[in-house]
Amino acid sequence: MGAPIVDSLRALAPGVQVWGHREEAPADAVEAMLAWSLKPGVLPAYPGLKLLCAPSAGVDKLLAVPDLPAGLPVARTVDPQQHVEIAQYVVGTALRHTRELDLFARQQQAGDWLRRPVRASADCRVGILGLGEVGRFVAGAMQAIGYPVAGWSRSAKSIAGLATHSGAEGLKQLLSTSDILVCALPLTPETRDLLDRRTLSLLPRGAYFINVGRGEQVVEDDLLALLDEGHLAGAALDVLRDEPPQPGNKVWAHPKAFVTPHIAAQASADTVARQCLENLRRLRAGEPLLNLVDVARGY
């Protein structure tokens, strides 16, 4: 757990014992644990553990722990500001592509004042994979600046003002009609490796891919091959399968890949601490917990 979160926990609840490192904590005194990921063997070492909190909306790394006790409540952090930040990232990278800002930056360096027509947003169809809180907010932001938007989710959803698709056939339909594809899915067994050569090839030639979901949802070698072949025009990747990628990973220097170090959105230490402490209070009072994860579904 990071020092800013520890400091926030202690400042907000001086009457609650907070340990910054597992090694400091008496095993039988720990009621709740806040962690991004855990190694096997950690959780069974705390017999009094009653709550596991994630400092983010994504909980896939916690749910992947093989000895996660059955019935242990897992809560995620929900920060409305993260929806705004992720939407800003998507809007920014989409505009960077459709307004050809990289091209004009190169022209500036070359002293070239050539005016070129840019693609109108109304002619650039956006498809969003995942219609949870983040996906819906991103859809609204993209619609607000003139992009036609459709979305896909595993199960059918009806969202006012948004064309929606679901299931296997719906996925094919969305991909085949998306000039910009945005992945905002949670990582589950069903979404792992979902975007491979077969599915990404369904995108129209010249499509652009933006990933703010999870790196494990994309088969990176297939994505890079489609970039090399010209089927995809480019990709903005805020999440990767390995973070950071290994020194020899082609994403570091690929001319069509814009890679950022998982910074599209980050929950504030204060928000993480407040939600964790509120759930601890509710746990002690026997009240319903906030932002509980459906462990079976993975989100």
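- Applying the side-chain contact (heavy atoms from CB on, under 4.5 Å) rule to P44 yields the partners D67; only residues at least two apart in sequence or on another chain are considered.
- Across all their heavy atoms, P148 and S121 have their closest contact at CD-O, 3.3 Å.
- At distances below 3.5 Å, at least one donor-acceptor pair connects side-chain atoms of Q143 with backbone N or O atoms of G161.
- When L195, L227, V182 are each tested for a side chain to side chain contact (heavy atoms under 4.5 Å, CB included) with F209, only one passes: L195.
- When the salt bridge (Lys or Arg N to Asp or Glu O under 4.0 Å) test is applied to E229, the partners found at least two apart in sequence or on another chain are R197.
- For the side-chain contact (heavy atoms from CB on, under 4.5 Å) test, residues two or more places apart in sequence or in another chain that qualify with K250 are L224.
- Salt-bridge formation is not detected for the pair E100/R116: no Lys NZ or Arg NE/NH1/NH2 atom is positioned less than 4.0 Å from an Asp or Glu carboxylate oxygen.
- Side-chain contact check for Q275 versus R76: every heavy-atom pair is 4.5 Å or farther apart.
- Panel note: side chain S201, backbone R198; no donor-acceptor pair is recorded below 3.5 Å.
- In this view, H165 satisfies the side-chain hydrogen bond (donor to acceptor under 3.5 Å, both in side chains) rule with no residue, not counting sequence neighbours.
- No donor-acceptor pair closer than 3.5 Å links the side chain of K61 to the backbone N or O of L38.
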> Which is it for D193 and Q217 under the side-chain hydrogen bond (donor to acceptor under 3.5 Å, both in side chains) test, yes or no, and what are the steps along the way?
Replying inline: CA-CA 4 Å; D193 297 328; Q217 292 157 349; over 6 Å; no
I'd like a table of donor-acceptor pairs (distance under 3.5 Å, sequence neighbours excluded) in which one partner is a side-chain atom from residues 257-267, with atom names and distances.
from : atom 1 : to   : atom 2 : distance (Å)
T260 : OG1    : Y89  : OH     : 2.7
T260 : OG1    : D238 : OD1    : 2.7
H262 : ND1    : E243 : OE1    : 2.8
H262 : ND1    : E243 : OE2    : 3.3

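- Within the structure, salt bridge (Lys or Arg N to Asp or Glu O under 4.0 Å) contacts touching residues 134-147 (residues at least two apart or in different chains) do not occur.
- Cluster annotation: L237 and L200 are assigned to the same hydrophobic cluster (Ile/Leu/Val/Met/Phe/Trp/Tyr, side-chain heavy-atom contacts under 4.5 Å, transitive).
- The ring pair (Phe, Tyr, Trp, His ring centres under 6.0 Å) analysis of residues 230-257, with sequence neighbours excluded, yields no pairs.
- Residues in residues 113-160 take part in no ring pair (Phe, Tyr, Trp, His ring centres under 6.0 Å) pair, two or more places apart or across chains.
- Taking the salt bridge (Lys or Arg N to Asp or Glu O under 4.0 Å) definition, one finds that R119 meets it with D179, sequence neighbours left out.
- The environment of R99 atom CZ is sparse: at most 12 non-hydrogen atoms of other residues, nucleotides or ligands sit within 6.0 angstrom.
- Residues passing the salt bridge (Lys or Arg N to Asp or Glu O under 4.0 Å) test with E85: none are found, sequence neighbours excluded.
- With side-chain heavy atoms closer than 4.5 Å counting as contact, directly or through intermediates, the hydrophobic cluster containing F104 also holds V118.
- When all heavy atoms are compared, the tightest approach of P204 to L175 is CD-O, 3.4 Å.
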> After noting the C-alpha distance and the side-chain angles of L72 and L49, does the key distance pass the side chain to side chain contact (heavy atoms under 4.5 Å, CB included) rule?
Replying inline: CA-CA 8 Å; L72 178 67; L49 186 66; 3.9 Å; yes
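- Listed by chain and residue number, R274 satisfy the salt bridge (Lys or Arg N to Asp or Glu O under 4.0 Å) test with D270 (two or more places apart in sequence, or in another chain).
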